[in-house]
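Beneath this line is the structure, given in structure tokens, with notes to follow.
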Amino acid sequence: MEKVIIVRYCEIHLKGKNRGYFEQIFMNNLEKALSGIRHEIRRPSGRYVVENFDESRTDEIADRLRKVFGVHSLSIGTKVKADMEEIFREILRISPDSGSFKIQTNRADKHFPLDSMQINAALGGRLLENKPALHVDVREPDTVLHVDIRENGTALVFEGIIKGAGGMPVGTAGKGMLLLSGGIDSPVAGYMIAKRGMRLECVHFHSYPYTNMQAREKVEELARILSGYTGGLTLHVVSVTHIQEEIHKKCPEEMMITLLRRFMMRIAEKLCENTGAQCIVTGESLGQVASQTIEGMTSSNAVVNNVPVLRPLVGFDKTEIIERAREIGTYETSVLPYEDCCTVFLPKHPLIKPKLEKVEQAEAALDVNGLITEAFSSMETLTI
């Protein structure tokens, strides 16, 4: 008898002739998630089984695996010999003493002498004899006891299914550059696009000394939380202090945020060129703040020439974003009271509907290329 964890995947089974490619990347991501823990992963048909691990780390392994994108669900179970007596002993051990139950069998080994219905009936009957306070309910049972008869002479027995992160394996949908602030929205945007299989690099803009080191540490912590889902991250940290000072000195106050966003997008696109990222990802939600109007987004997009800009949260309201942030574990860090660069030189009345022509006229007062070059000279790159 050996403790195992059964992992089931999501959309991979729909991939037809390309399924092997997705399965291999999924396998690699599972291995990466369990880095530093002794284990083995087998690939019986349609699922993955983690075994040969220290049972004292079972909950830790399950927690790591449930965050891997592509995992539909997982179960903590026991591997026994494919023998009705051994299977029943394990069923008896894990079953409750009272309430309703049903037994559900998957028989991958078609040579096993009993079919699935016969196995359910035989095990259920014996369980009722041993625990008379139990009763069968095949429609809405309190407990479902699962038996999976495998082709290698073993059976997996388990009760309970843990929901996984879902989505597609990271690494199957290219690479994106996430604008990661210290707020609530951008980590959620990164999570959602990574869930569709995209690998992420992140860029964070800071305004030290107007913002303090705690604000940066907050962003590094957000990146660490995200990395639990993505299998690691690269974080580029770029100073935009001088850019903001120059905008504040030479441009209309109400255009501060609009012009700063354009610089951020230019820097992000340059990072895409340098790193092989194929798109820019932002946490913008239409109409949420003054800079996130369609006119504001148009102004930002106008400086990006070679890659698309993806906004996974564009149709979400703040309540929905907060709920998702709580689910993925970023919310408590995001609301720590440390300012980010967008709060520096914040205008009293930011421009809500900037006209592109006027924005470009105001920007002409700035040495755009020189400021971008200076910003890149400040860049630090961290592996999270």
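Values in this document were obtained by computation on a predicted structure and should not be read as measured data.
Hydrophobic clustering places Val203 together with Met264 (ILVMFWY residues linked when any side-chain heavy atoms are closer than 4.5 Å, directly or through intermediates). Hydrophobic clustering, with ILVMFWY side chains joined whenever heavy atoms are under 4.5 angstrom apart, groups Val188 together with Val219. Cluster membership for Leu127 and Ile87, using ILVMFWY side-chain heavy atoms within less than 4.5 angstrom, is shared. Hydrophobic clustering (side-chain heavy atoms under 4.5 Å, transitive across Ile, Leu, Val, Met, Phe, Trp, Tyr) keeps Ile193 apart from Ile280. Under the 4.5 Å side-chain contact rule for hydrophobic residues, Val238 and Leu179 share a cluster.
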| request: With side-chain contact (heavy atoms from CB on, under 4.5 Å) as the test, would you mind laying out the steps for Leu145 and Val147 before giving the verdict? | output: CA-CA 7 Å; Leu145 303 167; Val147 178; over 6 Å; no

| request: Could you give me the CA-CA distance, side-chain angles and deciding distance for Arg8 and Ser75, then say whether side-chain hydrogen bond (donor to acceptor under 3.5 Å, both in side chains) is met? | output: CA-CA 9 Å; Arg8 309 169 193 88; Ser75 297; 2.9 Å; yes

| Passes side-chain contact (heavy atoms from CB on, under 4.5 Å), Ile91 versus Arg126? Steps please. | CA-CA 10 Å; Ile91 287 285; Arg126 290 187 64 183; over 6 Å; no

| task | I would like to know whether Phe26 and Val7 meet side-chain contact (heavy atoms from CB on, under 4.5 Å); could you show each step before the answer? | result | CA-CA 11 Å; Phe26 183 56; Val7 180; 4.1 Å; yes

| CA sep, side-chain torsions, deciding dist, call: Lys358, Met255, side-chain contact (heavy atoms from CB on, under 4.5 Å) | CA-CA 10 Å; Lys358 291 186 177 181; Met255 288 191 181; 4.0 Å; yes

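For Arg324 and Glu327, the salt-bridge test passes: some basic side-chain N is under 4.0 Å from an acidic carboxylate O. Ion pairing of Lys249 with Glu246 is present here, as a side-chain N (NZ or NE/NH1/NH2) and a carboxylate O approach within less than 4.0 Å. At a threshold of 4.0 Å, the pair Arg326-Glu323 does not count as salt-bridged, since none of the basic side-chain nitrogens sits closer than that to a carboxylate oxygen.
Once rounded to the nearest 0.5 Å, the distance linking CE of Met265 with CE of Met177 reads 12.5 Å. Residue Ile372 holds its CD1 atom at 10.5 Å from CG of Leu366, rounded to the nearest 0.5 Å. Taking CD of Glu60 as the start and CG of Leu34 as the end, the distance is 9.0 Å to the nearest 0.5 Å. Expressed to the nearest 0.5 Å, how far CD1 of Ile12 lies from NE2 of His72 amounts to 12.0 Å. In this structure, Ile6 CD1 and Leu65 CG are separated by 11.5 Å, a value rounded to the nearest 0.5 Å. Annotation: the span from Leu233 atom CG to Arg199 atom CZ amounts to 11.0 Å, rounded to 0.5 Å.
Between Glu11 and Arg196, the closest side-chain pair of non-hydrogen atoms falls below 4.5 Å. Within the 4.5 Å cutoff, the side chain of Ile267 has no heavy atoms near those of the Lys270 side chain. At least one side-chain heavy atom of Met84 sits under 4.5 Å from a side-chain heavy atom of Leu123. Residues Phe53 and Lys3 have side chains in contact (heavy-atom distance under 4.5 Å, counting atoms from C-beta outward). Contact annotation: the side chain of Phe376 approaches that of Asn274 to within less than 4.5 Å [non-hydrogen atoms, C-beta and beyond]. Two residues are said to be in side-chain contact when any heavy atoms from C-beta on lie closer than 4.5 Å; Leu178 and Leu226 meet this criterion. For the pair Val136 and Ile103, the minimum side-chain heavy-atom distance is 4.5 Å or more. Arg93 is listed as a side-chain neighbour of Glu90, based on a closest heavy-atom distance under 4.5 Å.
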Just list the side-chain donor-acceptor pairs under 3.5 Å for residues 150-173, sequence neighbours left out, or say none.
residue: Arg150; atom: NH1; partner: Asp148; partner atom: OD1; Å: 2.9
residue: Arg150; atom: NH1; partner: Asp148; partner atom: OD2; Å: 3.3
residue: Asn152; atom: OD1; partner: Thr154; partner atom: N; Å: 3.3
residue: Asn152; atom: OD1; partner: Thr154; partner atom: OG1; Å: 2.6
residue: Thr172; atom: OG1; partner: Pro169; partner atom: O; Å: 2.7

Determine all donor-acceptor pairs shorter than 3.5 Å in which one atom belongs to a side chain in residues 309-318; sequence neighbours excluded.
residue: Arg311; atom: NE; partner: Glu284; partner atom: OE1; Å: 2.6
residue: Arg311; atom: NH1; partner: Asn301; partner atom: OD1; Å: 3.3
residue: Arg311; atom: NH2; partner: Glu284; partner atom: OE1; Å: 3.2
residue: Arg311; atom: NH2; partner: Asn301; partner atom: OD1; Å: 2.9
residue: Asp317; atom: OD1; partner: Thr319; partner atom: N; Å: 3.1
residue: Asp317; atom: OD1; partner: Glu320; partner atom: N; Å: 2.8
residue: Lys318; atom: NZ; partner: Asp185; partner atom: OD1; Å: 2.8
residue: Lys318; atom: NZ; partner: Asp185; partner atom: OD2; Å: 3.3
residue: Lys318; atom: NZ; partner: Gln288; partner atom: OE1; Å: 2.9

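Across all their heavy atoms, Leu235 and Ile384 have their closest contact at CB-CG1, 4.2 Å. Closest non-hydrogen pair, Pro44 versus Val49, comes out as CG-CG2, 3.7 Å. Across all their heavy atoms, His248 and Met256 have their closest contact at N-SD, 4.0 Å. Nearest heavy-atom pair, Thr282 versus Ala189, reported as atom, atom and distance to 0.1 Å: O-CB, 3.5 Å. Minimum heavy-atom separation, Leu286 to Ile294: CD1-N, 3.8 Å. Annotation for Cys279 and Cys272: closest pair O-SG, 3.5 Å, computed over non-hydrogen atoms.
The number of heavy-atom neighbours closer than 6.0 Å to NZ of Lys175, taken from other residues, nucleotides and ligands shown, is above 12. In this structure, Glu140 places its CD atom where only 12 or fewer heavy-atom neighbours from other residues, nucleotides or ligands lie under 6.0 Å away.
Under the rule for a side chain to side chain donor-acceptor pair (under 3.5 Å), Tyr191 has no partner lying at least two apart in sequence or in another chain.
A donor-acceptor pair under 3.5 Å is absent between the side-chain atoms of Thr234 and the main chain of Glu201, judged by distance alone. Using modelled atom types, no side-chain atom of Ser98 and backbone atom of Ala133 make a donor-acceptor pair closer than 3.5 Å. A distance-only check finds no donor-acceptor pair linking the side chain of Ser299 to the backbone of Leu356 [under 3.5 Å]. Although no hydrogens or angles enter the test, the distance criterion places a donor-acceptor pair under 3.5 Å between the side chain of Thr58 and the main chain of Glu55. The backbone N or O of Asn52 lies less than 3.5 Å from a partner atom in the side chain of Arg38, making a donor-acceptor pair. Using modelled atom types, one side-chain atom of Ser100 and one backbone atom of Asp142 make a donor-acceptor pair closer than 3.5 Å. Between the side chain of Arg261 and the backbone N or O of Ser300 there is no donor-acceptor pair closer than 3.5 Å. Looking only at distances, a side-chain donor or acceptor of Lys218 sits under 3.5 Å from a matching main-chain atom of Gly182.
Within the structure, ring pair (Phe, Tyr, Trp, His ring centres under 6.0 Å) pairs that include any residue of residues 75-108 do not occur (at least two apart or interchain). A side-chain hydrogen bond (donor to acceptor under 3.5 Å, both in side chains) check over residues 107-119, counting only residues at least two apart or in different chains, returns nothing. Among residues at least two apart or in separate chains, side-chain hydrogen bond (donor to acceptor under 3.5 Å, both in side chains) pairs with a member in residues 375-384 are Arg216-Glu380, His236-Thr381.
Residues Phe205 and Phe263 place their aromatic rings such that the two centres sit no closer than 6.0 Å.
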